[in-house]
Amino acid sequence: MNNAKTLYTKAADTKLSTGSTTKVMTAKVVLAQSNLNLDKKVTIQKAYSDYVVANNASQAHLIVGDKVTVRQLLYGLMLPSGCDAAYALADTYGSGTTRAKRVTNFIAKMNTAAKNLGLTNTHFDSFDGIGNGNNYSTPRDLTKIASSAMKNSTFRAVVKTKKYTAKTITKTGSTRTMGTWTNTNTLLSSYSGAIGIKTGSGPEAKYCLVFAATRNGKTVIGAVLASSSITQRATDATKLLNYGFATI
C-alpha cells in the first residue's frame, strides 16, 4: 500500500453519490480519535432508532437503552451497514452540547479527513450516506479513503469478518445476545483472498462496492460506483480484482 500504483481506471474522477460506502470514512474518523477506547460503552438512544425507522435505513437493530461497546458499533456499522450504529458513533465522537451539534461536528471531521488525504472531489453531508444531495465522492477518492483506512488493524479485522454476534448490556444489567450481523459484502465468500471492504446502495447511488483482496502478498483495493445491481456490482469488482492481480 505504501508503494501503491493505479492499475485500472474508468471515470475515476466522476463525482457520484456514495451510499453506505460513506461509512468507510465514518469508521476511519472514529479509529483516528486520540486515546480511542474500543471497549468504551455507548448507551443506545431512542433518536438512533427513530432515525433508521424514519429513513427506512439499513440497521444493526440496536436496542434503545442497551450499552454497546465502540468495537461492537464498528461491526454494526460495517457488516449490516447499520445507520443506527453510524448515528451512535457520530454522536459519541462529535463535539458539541447538543446531538445536532455533535453530528455536524463529526461530519466536519469526515470532510477534514478527506482534505487531509488530498481529496478534492469528495464531500460528506452525512455520517452514513443518507445525505441531502451533497454527499459524493469518486472511485479514485474512495479507493484512497479505503487504502488509508486499511492501515488500521481494527478496521482490517472488522471489514473481513463475515458474521459477528454482539453481546450487549441491557438497561437492567443483563446480557443480551444480539441477532447475528452478516456482512453485506458477498465478495468475502465468493472471491478467494477477499479482505473487505464495504457495500453501498441507494436510489441515487445505485449499487456500490469498495473492495480489497490479497493474493501472494499483493493487495488490490478499488471501488465500483453506480453499478446496476447487487450481482453486477460483485461481478464488476471480481473482474477488476482479476485484472489487478494479473497486472500487478
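All heavy atoms count here, side chains included; hydrogens, waters and symmetry mates do not.
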Between S81 and S20: side-chain donor-acceptor atoms closer than 3.5 Å: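 S20 and S81 do have a side-chain donor-acceptor pair below 3.5 Å.
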Give a yes-or-no answer on whether the side chains of S126 and N135 include a donor-acceptor pair shorter than 3.5 Å.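 Checked: S126/N135 side chains pair up, N/O donor to acceptor below 3.5 Å.
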Same cluster (ILVMFWY, side-chain, under 4.5 Å), [X] and [Y]:
X	Y	result
V64	V42	no
Y164	L74	yes
V210	Y243	no
V68	F106	yes
L89	I63	yes

Minimum heavy-atom separation for [X] to [Y], with atom names?
X	Y	value
G96	K101	CA-CB, 4.1 Å
K28	S148	NZ-OG, 2.7 Å
M25	A114	CE-N, 3.5 Å
G200	R233	O-NH1, 3.0 Å
Q72	T69	OE1-N, 2.9 Å
A205	G19	CB-N, 3.6 Å

Return yes if some donor-acceptor pair links the side-chain N/O of [X] with the main-chain N/O of [Y] below 3.5 Å, else return no.
X	Y	answer
N152	T154	yes
N121	K15	no
R102	D91	yes
Q59	A57	no
K41	I169	no
D236	V224	no
D125	N132	yes

Residues which pass ring pair (Phe, Tyr, Trp, His ring centres under 6.0 Å) with [X], listed by chain and number, not counting sequence neighbours:
X	value
F211	none
Y51	Y87, F127
F124	none

[atom1]/[X] to [atom2]/[Y] distance, rounded to the nearest 0.5 angstrom?
X	Y	atom1	atom2	value
L240	T9	CG	OG1	10.5 Å
H123	L119	NE2	CG	12.5 Å
R215	N242	CZ	CG	6.0 Å
C208	I230	SG	CD1	11.5 Å
T18	D141	OG1	CG	10.5 Å
T92	R99	OG1	CZ	9.5 Å

pair [X]-[Y]: side-chain heavy atoms closer than 4.5 Å:
X	Y	value
I197	I221	yes
N37	V70	no
S227	L209	no
V24	L142	no
T26	M110	yes
T161	W181	no
L62	Y48	no
L241	F245	yes

Linking Ile, Leu, Val, Met, Phe, Trp and Tyr through side-chain heavy atoms less than 4.5 Å apart, which residues share a cluster with L188?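 For L188, no cluster forms, as it stays isolated from other hydrophobic side chains.
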Does this structure show an ion pair linking R71 with D39, if we count only N-O contacts that are shorter than 4.0 Å?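 Yes.
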Considering only residues two or more places apart or on different chains, which pairs with a residue in residues 203-214 satisfy side-chain hydrogen bond (donor to acceptor under 3.5 Å, both in side chains)? T214-T219
Could you walk me through whether V159 and M150 pass the side-chain contact (heavy atoms from CB on, under 4.5 Å) check? CA-CA 9 Å; V159 297; M150 288 294 274; 3.8 Å; yes
Before you tell me yes or no, could you show the steps for I145 and L117 under side-chain contact (heavy atoms from CB on, under 4.5 Å), namely the whole-Å CA-CA distance, both residues' side-chain angles and the distance that decides it to 0.1 Å? CA-CA 8 Å; I145 294 167; L117 286 172; 4.1 Å; yes
Determine the sole option in V30, L31, L73 for which the side chain to side chain contact (heavy atoms under 4.5 Å, CB included) test with L38 is passed. L31
Working for side-chain contact (heavy atoms from CB on, under 4.5 Å), residues K163 and L79: CA-CA 8 Å; K163 289 184 185 300; L79 273 63; 5.7 Å; no
Testing T184, N185, T21, N183 for side-chain hydrogen bond (donor to acceptor under 3.5 Å, both in side chains) with T199, which one passes?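 The residue from T184, N185, T21, N183 that satisfies side-chain hydrogen bond (donor to acceptor under 3.5 Å, both in side chains) with T199 turns out to be T184.
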Under the criterion side-chain contact (heavy atoms from CB on, under 4.5 Å), I'd like the reasoning laid out for T170 against D66: C-alpha separation, chi angles, the key distance, then a yes or no. CA-CA 4 Å; T170 66; D66 276 14; 4.0 Å; yes
Would the number of heavy atoms belonging to other residues, nucleotides or ligands and lying under 6.0 Å from CG of N134 be above 12? yes
Salt bridge (charged side-chain N to carboxylate O under 4.0 Å, His left out) partners of K46, counting only residues at least two apart: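 Here the qualifying residues are D50.
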